[in-house]
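Following: one structure in structure tokens, then a few remarks.
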Amino acid sequence: MRIPRSHLAALAVLSFLATTSLSAQNAATKFTVQDALDLATYQIADLSDDGAWLVATSSTRRDGLMVDYHRDSDPTYLRPRPSMLWIIETKTGTIKSLYPEKRDISSPKWSPDGTKLALLLRNGEVYEPVIWERATGRFTTVHAPAGKYVAENSDLRWTGDATSLVFSLHTLDWKKRAQEQFARQTVGPIFVQSSKDPFLAWDDIRRLGNVRSIVAYEVATAKTRELLPEAMIASYGVAEDGSVITYNEDITKKTDYDVIFGSENKALVAPATCAQKSAGCAPARVLFPTLKGMTLVMASDGKHYAYGKDGRVFIASVDDTAAKLIAGPAKDAKPKSDSAADTSKAAKDAKDKERFSAARFSPKGDALIVSNKDGLWLVDLASGNREMFLATPDSSLRPPQRSVIGWSEDGRTLYLSHAARTEWQRGILRYDRTTKRLDTLSLDTRNYSQLRVAKNGSVAVVAIGDVYRPADLYVGDASLKNLRRLVHTNPQLDGKQLGHAGLTSYLDADGHGKYAVVYYPPGYDKARRYPTVFNVYEDFFNDSFDPVFNLLNANGYVVVQPSVDFDIGYPGEAWVKGVTAAANKLIELGIADSARLGVHGTSYGGYATNLLITQTNRFKAAINISGKVDVISFYTDSPRLGVRNIHAAEKSQDRIGATLWQQPQKYVQQSAIMFADRIQTPLMLLTGEQDQNVPADNTREMFYALRRLGKDVVWVNYMNGGHGAGNASVADYVDYLGRILGWYDTHLKKDAPKGVASLEQ
């Protein structure tokens with residue numbers, strides 16, 4: 001009996017889950033699904049001011065597979081995030097766990113003197129502040145006042161003198177109201193929305209999180225006092241000297257269709273030295289009645305600030321609000337008569353160079369980074385002198401991407417990340433304000449992230465990884481010299497056979513130079529051609545570790561991340577021009593087997609995959625993971641995202657450049673469902689029923705269309721899964737990986753037994 005091809009992937013999964021026949025040697029050396037589940041990722045949480053003590057958390061993919069996606073957008077839901085909490089002495093490398101098991105932990109912060117560590121620890125359905133004393137090992141739990149609890153969106157902050165902890169609270173009444181509102185939208189029994197309502201219902205729910213109060217817990221007295229009463233507090237900061245608290249109050253009047261999650265705030269300042277309701281306590285004072293069209297940047301002292309508006313940058317303070325212009329044209333500046341009517345590109349560029357925006361204060365508040373079309377500038381606030389320290393080169397030359405990631409406490413040196421765009425090169429640079437030199441501290445093929453430099457300048461910690469190893473933690477001096485590894489994050493990979501990766505350049509169909517990241521399997525043989533899988537999204541230059549790529553490599557596949565160019569109004573053309581050109585290059589180089597090409601993508605990449613296979617039959621297997629297939633129905637779907645999908649289509653990621661009613665033909669052209677009859681490639685659709693980003697109902701349209709047309713299609717819907725499909729449990733994740741490998745084995749491996757996935761657990 002002949003088994004239909006559409007059933008083979010399902011059989012592959014069953015075989016994958018049941019098979020344990022690989023040799024012990026392969027089990028020990030091959031990257032497996034078990035490795036994917038147990039890979040540890042470390043996050044640097046905080047470094048003490050003297051650089052002596054580091055606190056870090058670690059978790060695995062397995063730890064993240066417990067989310068209840070049914071409760072997405074519920075402001076009272078605490079997503080589980082179990083992790084180990086590590087205390088590391090940077091001088092000796094001594095490491096210990098603060099708790100014997102993984103706990104739900106948030107916002108670990110050293111006190112300014114490094115003697116105490118504060119953190120938020122989950123206790124049932126709430127987080128509670130906990131203070132750990134390093135010398136004694138003593139724990140103190142901070143209890144919220146009666147009728148209140150630590151807000152789900154709260155963080156922890158020490159005051160500058162280390163005497164108090166600051167955090168935000170919700171009331172139990174607020175929690176009840178929020179849960180009732182969420183329930184009305186999800187289980188009813190009835191909900192009603194009207195165009196006369198100022199907000200979409202889910203925008204109203206999203207904004208509920210801003211309804212909170214701010215309090216300070218005094219360590220010495222164990223008392224909690226209110227700094228700000230309950231209000232719509234979008235963000236806040238406490239002055240270093242503890243005298244005032246600045247905050248932004250959400251004053252949004254209606255749903256904003258021009259900005260995703262768009263909001264309007266006003267900025268205020270209030271005394272923090274007494275409770276707001278106490279007699280004689282001054283009321284909050286408005287700094288700006290609206291921040292619409294402005295960029296507000298606070299200095300680390302919490303009192304000085306800079307703001308940019310209409311291309312001009314000003315500085316002021318909460319004590320002296322008289323603004324001083326430090327960059328940009330004077331308000332009364334008039335254009336020269338001979339250039340007032342000049343609309344040429346040269347004239348526009350000249351005007352753009354005069355427009356600045358505020359970016360970042362120095363730690364001492366004596367300097368400010370501002371930016372304009374030419375690059376990044378340092379402004380000395382005492383003298384007003386401005387000097388460029390990083391030029392913005394011509395983008396057509398594909399210059400390295402550089403951005404400021406740190407500033408030494410004395411204000412002398414700036415740290416910048418560096419990522420080349422035409423070669424495999426990453427690193428960290430340092431600019432010295434005194435010598436005006438930009439020096440290279442590290443530059444190689446590895447990825448550098450999470451840089452932290454101690455306030456006293458003695459120690460720097462950084463995470464360093466590569467395309468086949470998740471990052472380890474390292475420590476060195478402020479120049480990143482004499483780096484030594486503090487944490488070997490995944491020693492279990494030491495015995496694994498892992499591949500390698502590199503860059504390949506090619507020309508797309510328009511003759512534009514592009515780059516693809518190519519992941520080669522272990523033991524890659526240049527004399528062979530390999531089944532090759534293209535993972536698509538946008539303009540890729542991502543060489544970070546990816547467990548799915550490693551699993552594909554371990555099972556004999558080359559994996560490619562190609563880059564594409566976009567034209568507004570014609571996004572569907574991007575992938576056929578760029579991905580097929582990359583495939584041609586891989587075939588030309590003798591790497592890819594032209595008869596065994598696969599393609600998949602997630603989210604926008606899934607959308608890209610489906611559009612791609614309506615335009616070419618080059619690929620013998622395709623997988624759409626949580627990607628839309630119908631832009632028209634997607635346009636006003638996914639209500640929990642508010643206006644996100646409308647904005648994406650009109651103005652941002654989808655790049656259609658018009659509303660549905662302005663150019664309906666473009667929405668038809670960019671919907672793969674409209675051209676399902678052209679698809680010849682076997683397609684698997686993977687969705688999560690609880691996906692609030694790309695609803696499974698949108699993707700399933702393609703299944704019913706292709707089935708009606710007699711095409712080869714399989715739809716797998718994970719009933720508890722969210723965006724990304726098989727991510728609600730370990731069982732789902734194992735099934736998800738097995739289906740991907742089974743699908744490709746079935747369609748791309750000439751010598752593989754049909755329906756058998758070449759993977760072990």
Side-chain angles (χ1 to χ4, degrees), residues 73 75-76 148 151-155 157 166-171 173-175 177-178 181-182 185 193-215 226-239 244-272 275-277 281-299 302-310 312-314 316-318 321 323 357-358 639-644 646-647 651:
S73 301
T76 70
K148 299 182 179 182
E152 292 82 356
N153 58 354
S154 180
D155 60 2
R157 310 180 192 190
V166 180
F167 48 94
S168 60
L169 297 176
H170 285 320
T171 65
D173 286 342
W174 174 92
K175 187 170 190 175
R177 293 196 310 271
Q181 193 164 339
F182 180 81
Q185 294 300 117
Q193 295 188 71
S194 167
S195 62
K196 293 181 173 60
D197 298 332
F199 293 98
L200 290 170
W202 284 103
D203 280 355
D204 245 350
I205 291 176
R206 176 179 53 81
R207 296 176 66 245
L208 279 175
N210 288 339
V211 180
R212 52 183 176 158
S213 60
I214 310 299
V215 299
E226 189 173 77
L227 300 180
L228 288 177
E230 185 178 81
M232 289 287 287
I233 302 171
S235 61
Y236 72 95
V238 181
V244 297
I245 181 168
T246 55
Y247 62 103
N248 293 340
E249 183 178 334
D250 186 341
I251 57 170
T252 312
K253 297 177 179 61
K254 61 181 181 178
T255 291
D256 187 343
Y257 281 86
D258 293 322
V259 181
I260 299 173
F261 302 145
S263 62
E264 181 180 3
N265 296 320
K266 68 177 178 181
L268 303 98
V269 59
Q276 288 292 294
K277 296 178 183 178
C281 194
R285 175 164 48 92
V286 175
L287 293 176
F288 297 100
T290 179
L291 294 176
K292 202 84 169 179
M294 291 177 55
T295 301
L296 180 64
V297 179
M298 296 299 300
K303 300 177 77 172
H304 290 81
Y305 56 87
Y307 64 94
K309 187 174 184 180
D310 299 329
R312 296 184 289 271
V313 177
F314 302 86
S317 76
V318 298
T321 56
S357 59
R640 297 194 200 187
L641 290 180
V643 304
R644 186 268 179 195
I646 292 173
H647 189 280
K651 301 179 181 182

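Bear in mind that the values here come from a model prediction, so they are computed numbers and not experimental data.
A donor-acceptor pair shorter than 3.5 Å can be found between the side chains of Asp250 and Thr252.
Rounding to the nearest 0.5 Å gives a distance of 9.5 Å between CD1 of Ile233 and CG of Leu227. Atom CG of residue Leu228 and atom OG of residue Ser213 lie 8.5 Å apart, to the nearest 0.5 angstrom. For the atom pair CD of Glu249 and NZ of Lys266, the computed distance is 4.5 Å after rounding to the nearest 0.5 Å. A distance of 4.0 Å separates OG1 of Thr246 from CE of Met298, quoted to the nearest 0.5 Å. Considering CG of Asn248 and CE of Met232, their distance stands at 12.5 Å, rounded to 0.5 Å. Considering CZ of Arg640 and CZ of Phe182, their distance stands at 4.5 Å, rounded to 0.5 Å.
Ala316 approaches Ala323 most closely through the heavy-atom pair CB-CA, 4.2 Å. Nearest heavy atom pair, residue Val244 against residue Gly302, reads CG2-O, 4.3 Å. Looking at every heavy atom in both residues, Ala201 comes nearest to Gln181 through O-NE2, 4.3 Å. Between Val313 and Ala358, the closest heavy-atom pair is CG2-N, 3.7 Å. Between Trp202 and Ser73, the shortest heavy-atom distance links the atoms CZ3-CB, 3.7 Å. Nearest heavy atoms, Gln185 versus Gln193: NE2-NE2, 4.1 Å.
With Tyr236 as the aromatic partner, Arg157 meets the cation-pi criteria of under 6.0 angstrom to the ring centre and within 45 degrees of the ring axis.
Formation of a donor-acceptor pair under 3.5 Å by the Asp256 side chain with backbone atoms of Asp258 is found in this model. Without hydrogens or angle criteria, Thr255 side chain to Leu200 main chain gives a donor-acceptor distance under 3.5 Å.
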Under 3.5 Å donor-acceptor pairs involving side-chain atoms of residues 284-293, not counting sequence neighbours:
| from | atom 1 | to | atom 2 | distance (Å) |
| --- | --- | --- | --- | --- |
| Arg285 | NH1 | Val318 | O | 3.4 |
| Arg285 | NH2 | Val318 | O | 2.7 |
| Thr290 | OG1 | Glu264 | OE2 | 2.6 |
| Thr290 | OG1 | Lys292 | N | 3.1 |

inquiry  = side chain to side chain contact (heavy atoms under 4.5 Å, CB included) for Tyr305 and Thr321? Distances and angles first, verdict last.
reply    = CA-CA 9 Å; Tyr305 56 87; Thr321 56; 3.7 Å; yes

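Of the charged side-chain nitrogens involved, none lies within less than 4.0 Å of a carboxylate oxygen, so that Asp203 and Lys254 do not count as a salt-bridged pair. Under the 4.0 Å criterion applied to side-chain N and carboxylate O atoms, Glu226 and Lys148 are assigned as salt-bridge partners.
Ring geometry for Trp174 versus His170: interplanar angle under 30°, hence parallel rather than tilted (30 to 60°).
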